[in-house]
**Q** 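First the structure, then my questions, so here it is.
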Amino acid sequence: MIKSNDELFMKRAIELSASAVAHGNEPFGAVLVKDGEIVFENENQIYTMHDPTFHGEAGLIRRFCGETGITDLRDYTLYSSCEPCFMCSGAMVWVKLGRLVYGASNTDLEEILGNEGCNCSRMVFENSFWKPQVTAGVLREQALGILRDYFGNHTKG
C-alpha cells in the first residue's frame with residue numbers, strides 16, 4: 001500500500017531500476033518531480049550508452065536540462081532508488097536541486113558489495129554551497145531487494 005507521494009514516486013524509481021537491469025544496465029532509477037507530477041525519469045544506462053557517467057541521476061539531470069533549458073531545480077524533487085554517488089550528488093548541487101529522496105543508502109549498497117560505504121550525498125551537500133533537503137530510506141527494503149538480486153550475480157562497474 002502506498003502511503004505518501006514520496007512512496008508513490010519512489011516506487012516508480014524502483015521500477016526504473018528493474019527496467020535498467022532488463023535493458024542490460026545496473027539497477028538504479030531516478031524520477032524528477034515538480035508540483036506533485038513526474039516531469040522526467042531516467043534509468044542507469046552506463047552499459048547501453050557506453051558511458052560510465054550515465055548514472056540514473058546524472059543522466060536524468062543531463063537530459064532534463066538539455067531538453068528543457070532549465071538549469072535551476074530548486075523547485076524540484078529527485079527520487080532515486082539508491083543514494084546518489086559523489087558525482088551525482090555534485091550534479092545536484094550545481095543544478096540547485098530542492099530536495100532528494102532515496103531508498104537504499106550507499107552504505108547499504110556497499111555492504112551488499114562487501115565494502116565499507118559512506119553517506120555520499122550528505123558528505124557532498126554538507127561541504128557545498130547548495131544543500132538540498134534529503135529524505136532517506138523511503139521504500140528501502142524494496143530498493144535493497146533489486147540491488148541484492150542484481151549484485152548477487154554481477155560485480156559493480
Side-chain angles (χ1 to χ4, degrees), residues 1-34 36-68 73 76-93 95 97 99-125 132 134-157:
M1 172 193 247
I2 300 299
K3 298 178 184 173
S4 70
N5 280 347
D6 281 352
E7 290 183 0
L8 176 71
F9 297 128
M10 182 57 64
K11 181 177 185 280
R12 180 63 186 143
I14 292 168
E15 290 170 355
L16 288 165
S17 72
S19 177
V21 172
H23 295 131
N25 294 293
E26 292 185 350
F28 303 99
V31 174
L32 189 63
V33 172
K34 183 177 182 190
E37 298 288 329
I38 294 175
V39 295
F40 214 83
E41 55 186 39
N42 191 61
E43 60 190 48
N44 178 289
Q45 297 175 56
I46 62 173
Y47 299 127
T48 54
M49 295 293 287
H50 309 289
D51 180 351
T53 69
F54 214 104
H55 293 193
E57 305 89 342
L60 180 147
I61 290 168
R62 185 180 309 135
R63 289 180 56 225
F64 177 78
C65 293
E67 290 180 22
T68 65
L73 303 184
Y76 294 78
T77 299
L78 193 147
Y79 292 83
S80 180
S81 60
C82 186
E83 180 179 7
C85 70
F86 290 108
M87 175 187 69
C88 293
S89 296
M92 291 173 196
V93 168
V95 297
L97 181 69
R99 182 169 177 243
L100 166 66
V101 180
Y102 64 83
S105 70
N106 175 264
T107 303
D108 292 330
L109 172 61
E110 292 297 334
E111 183 177 298
I112 291 167
L113 298 171
N115 302 317
E116 185 176 334
C118 65
N119 294 108
C120 303
S121 57
R122 186 186 76 227
M123 291 175 71
V124 170
F125 299 159
V134 177
T135 302
V138 174
L139 299 182
R140 178 179 173 263
E141 288 304 317
Q142 290 92 321
L144 276 171
I146 292 177
L147 293 171
R148 285 185 188 115
D149 287 348
Y150 180 84
F151 290 113
N153 298 312
H154 300 83
T155 58
K156 181 88 178 85

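What you see is a predicted model, and the numbers here were worked out from it, not measured in a lab. Worth knowing before you read on, the calculation uses all heavy atoms, side chains too, and leaves out hydrogens, waters and symmetry mates. Numbers here are sequence positions counted from 1.
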**Q** CD of Q142: more than 12 outside heavy atoms within 6.0 angstrom?
**A**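 Yes - once you tally the heavy atoms of other residues, nucleotides and ligands closer than 6.0 Å, there are more than 12.
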**Q** Tell me if the CE atom of M87 is crowded by more than 12 foreign heavy atoms within 6.0 Å.
**A** yes
**Q** Specify the closest pair of heavy atoms between A18 and I146, including all atoms of both residues, with the distance to one decimal.
**A**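 So the two residues come closest at CB-CD1, 4.0 Å.
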**Q** Before accepting this row, confirm whether a basic side-chain N of the pair D6/K11 lies closer than 4.0 Å to the acidic partner's carboxylate O.
**A** no
**Q** Is it true that a side-chain atom of S89 and a backbone atom of C85 form a donor plus acceptor pair closer than 3.5 Å?
**A** yes
**Q** So which heavy atom on S81 is nearest to which on P27, and how close?
**A**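 Taking every non-hydrogen atom into account, OG-O, 4.0 Å.
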**Q** Do side-chain atoms of N44 reach the backbone of I46 as a donor and acceptor pair under 3.5 angstrom?
**A** yes
**Q** Got a sec: does the CD of E67 have more than 12 other heavy atoms crowding it under 6.0 Å?
**A** yes
**Q** Of the options C82, C88, S121, which is the one that meets E57 in a side chain to side chain contact (heavy atoms under 4.5 Å, CB included)?
**A**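 The residue from C82, C88, S121 that satisfies side chain to side chain contact (heavy atoms under 4.5 Å, CB included) with E57 turns out to be C88.
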**Q** Using a 6.0 Å cut-off, check whether atom CD of E141 has over 12 heavy atoms from anything other than its own residue.
**A** yes
**Q** So if I apply the side chain to side chain contact (heavy atoms under 4.5 Å, CB included) rule between L78 and each of V33, V95, L32, which one comes out positive?
**A**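 Only match with L78 under side chain to side chain contact (heavy atoms under 4.5 Å, CB included): L32.
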**Q** What are the two closest heavy atoms between A143 and I14, and how far apart are they?
**A**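 Distance-wise, the nearest heavy atoms are N-CD1, 3.7 Å.
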**Q** Do E83 and S105 have side-chain atoms, one donor and one acceptor, less than 3.5 Å apart?
**A** no
**Q** May I ask you to check whether Y47 and F54 place their ring centers less than 6.0 Å from one another?
**A** no
**Q** First locate atom SG of C120, then atom CD of E110, and finally report the distance between them rounded to the nearest 0.5 Å.
**A** 7.5 Å
